[in-house]
Amino acid sequence: MNNNRIGRGYRRSGTSSTVTVRRNAGFSFHHPNGNAPPVSLAVTNRESPSRQLGQLDRCCRLWFNRKIWNTRPPSWREKSMFFPMLLVAAAEMHSGRMEVAAEIARDRALCSAPSGKRRTVRGIVVTDEPGAEGVYRRLRVTADGGAYLIVHYDPASESIARARAACLGRQLELLRGLTGDERQGAQWYSVVFTNAANYSPPRGPSEVARWTIETDAAGRLTEAGQRTLTAVLPHEQVHLFQYRMQALPPRWFLEGHASWVGLKVSDRIDPAAAAADRRLKAEGAAKSKGQPLNLAGWGSVRPKREAIMRQVSDEDRARMMRDPNFAPSGSFRFTADDLIGDESNIVARYHAATALFERLEREHGAEAVHAFARETTATAGRVTANRMDELVRKHFNIGADALLADTTPSGTAR
């Protein structure tokens with residue numbers, strides 16, 4: 001089955017008509033007469049069967065009521081062709097839904113594979129990388145378009161690292177599709193499976209940041225490790241995409257876009273983790289109800305120096321003490337207490353920024369939001385307020401100030 005376009009032709013009384021179904025895009029009815037434009041409606045495989053059939057019925061009714069010639073409406077004989085075409089379209093869409101359901105089940109199995117179970121997926125290649133860092137060995141996970149990441153693991157965590165490697169590769173495929181990333185052979189953030197509570201990854205200009213996936217003494221994923229794998233990591237990988245051209249958009253854009261895309265991945269691979277993330281944001285927003293959000297002012301922040309020093313190697317810590325201007329590279333974790341700046345009401349702000357992107361999707365469609373995000377991050381340097389306003393107006397026909405003002409004090413977009 002062609003996943004992009006499926007066509008069926010029917011011939012009657014010397015004429016031919018075609019029903020075309022586009023997976024995840026929609027369907028249309030075509031008549032050979034050049035004066036009759038096709039009727040097209042968008043119906044995705046994610047919609048319920050009843051809604052799909054309702055849209056098919058509406059499409060037929062629209063076609064019946066449209067004049068396919070300038071002089072007369074279609075005859076009953078011509079109309080009767082659409083009953084078998086309706087059945088074909090419904091069957092094709094049902095088949096597409098079944099395929100998508102099977103793919104989702106497979107993805108969830110990949111991301112919940114038990115230790116010792118090595119799952120494979122066509123297009124995702126897992127290979128052992130030479131060399132080691134002390135006890136830590138490495139895997140390379142390569143996905144579509146040559147996108148890859150490095151998986152580090154300690155001896156106790158090897159089995160679970162290999163079991164979940166295909167899940168990491170599948171995340172890259174989903175992220176590339178959702179962001180429209182066209183880079184070939186791009187390296188994404190690394191991960192390390194370890195049960196070492198004091199693990200500190202190497203840092204430096206040539207080091208790719210790696211995220212710690214926590215395991216227990218038996219090498220099994222902890223609850224925190226599973227959350228990092230299926231909820232935190234997709235969000236953080238979106239940030240890497242945002243920075244691919246060294247663009248520096250405002251904080252509300254960075255976090256709203258990363259949460260919006262990251263949750264789509266999490267919904268696909270681990271819906272429980274996605275639900276927990278949404279619940280955490282919603283609870284934080286409810287607790288801070290009535291406090292101002294000021295999304296436009298969010299982001300004028302920097303971490304406290306001591307918060308960085310406690311997470312770096314002894315060598316970097318000593319250098320930081322000798323040189324006040326030295327800033328070690330790498331990924332760090334901070335709490336609200338570690339930050340200096342406007343980070344008040346932070347959970348509600350995450351919630352509001354996510355809700356803002358979800359509202360844009362409802363009102364303008366996912367592709368419009370993706371196009372906005374790609375253009376916003378396509379040029380190096382800080383994205384000024386004027387530039388942000390220009391981009392928002394271009395893609396959504398509204399000013400940035402109006403867009404950001406259209407949020408409630410509880411932290412949700414209207």
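The first residue of the sequence shown is numbered 1, and numbering continues consecutively from there.
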Checklist outcome for this item: residues 157-184 vs ring pair (Phe, Tyr, Trp, His ring centres under 6.0 Å), sequence neighbours excluded, gives none
Non-hydrogen side-chain atoms of [X] and [Y] separated by less than 4.5 Å:
X	Y	value
E363	V369	no
L175	F241	no
L221	F193	yes
H239	Y243	yes
R210	E207	yes
D277	R227	yes
H152	V191	no
L168	L233	yes

Close aromatic pair by centroid cut-off 6.0 Å: [X] and [Y]:
X	Y	value
F253	W298	no
Y136	Y153	no
W260	H370	yes

Please name the pair of heavy atoms, one in [X] and one in [Y], separated by the smallest distance, quoted to 0.1 Å.
X	Y	result
G219	I160	O-CG2, 3.2 Å
M245	T377	CB-O, 3.6 Å
L229	C111	CD2-O, 4.4 Å
A273	A231	CB-CB, 4.1 Å
P328	I308	CG-CG2, 3.9 Å
T212	Y199	OG1-CD2, 3.9 Å

Flag, side chain of [X] to backbone of [Y], donor-acceptor distance under 3.5 Å:
X	Y	answer
R108	R268	yes
R164	A113	yes
Q187	V208	no
R137	D154	no
R176	D181	yes
R317	V312	yes
Q311	A307	yes
S266	T230	yes
T194	A196	yes
D128	L139	no

Checklist entry - In terms of the angle between their ring planes, are F372 and F396 parallel, tilted or perpendicular, with boundaries placed at 30° and 60°? => result perpendicular
Would the number of heavy atoms belonging to other residues, nucleotides or ligands and lying under 6.0 Å from [atom1] of [X] be above 12?
X	atom1	result
N397	CG	no
E223	CD	no
M309	CE	yes

[X] bridged to [Y] by N-O distance under 4.0 Å:
X	Y	answer
R122	D144	no
E158	R162	yes
R170	E173	yes
E361	K264	yes

Item to check | side chain to side chain contact (heavy atoms under 4.5 Å, CB included) between R393 and I398, worked out | outcome: CA-CA 5 Å; R393 289 182 185 278; I398 186 175; over 6 Å; no
Without hydrogens or angle criteria, can the side chains of [X] and [Y] be said to hold a donor-acceptor pair below 3.5 Å?
X	Y	result
T222	D216	no
S313	R203	no
D270	Q226	yes

Item to check | side chain to side chain contact (heavy atoms under 4.5 Å, CB included) evaluation trace for L403 with D401 | outcome: CA-CA 5 Å; L403 177 67; D401 288 344; over 6 Å; no
Checklist entry - Run the salt bridge (charged side-chain N to carboxylate O under 4.0 Å, His left out) check on R244 and E182 step by step: do they pass? => result CA-CA 11 Å; R244 71 197 184 283; E182 298 179 348; over 6 Å; no
Item to check | side chain to side chain contact (heavy atoms under 4.5 Å, CB included) between S259 and K281, intermediate numbers included | outcome: CA-CA 11 Å; S259 292; K281 290 184 174 72; 3.9 Å; yes
Next on the checklist: Working note: E375 + K394, criterion salt bridge (charged side-chain N to carboxylate O under 4.0 Å, His left out); need CA distance, chi angles, decisive distance, verdict.
Outcome noted: CA-CA 11 Å; E375 187 170 1; K394 173 181 177 180; 3.0 Å; yes
Item to check | Nearest-0.5 Å distance, CZ of residue F326 to CE of residue M320 | outcome: 7.5 Å
Item to check | From H235 atom NE2 to L240 atom CG, the distance as rounded to the nearest 0.5 Å | outcome: 12.5 Å
Next on the checklist: Could you walk me through whether D338 and K304 satisfy the salt bridge (charged side-chain N to carboxylate O under 4.0 Å, His left out) test, starting with their C-alpha distance in whole Å, then the side-chain angles of each, then the deciding distance to 0.1 Å, before giving a yes or no?
Outcome noted: CA-CA 6 Å; D338 294 330; K304 297 176 182 176; over 6 Å; no
Item to check | Chi angles and distances behind the side chain to side chain contact (heavy atoms under 4.5 Å, CB included) call for H257, V238 | outcome: CA-CA 8 Å; H257 177 236; V238 177; 3.8 Å; yes
Next on the checklist: If you apply the rule salt bridge (charged side-chain N to carboxylate O under 4.0 Å, His left out), what do you find for E283 with K287, and how did you get there?
Outcome noted: CA-CA 6 Å; E283 290 172 353; K287 289 178 181 178; 5.6 Å; no
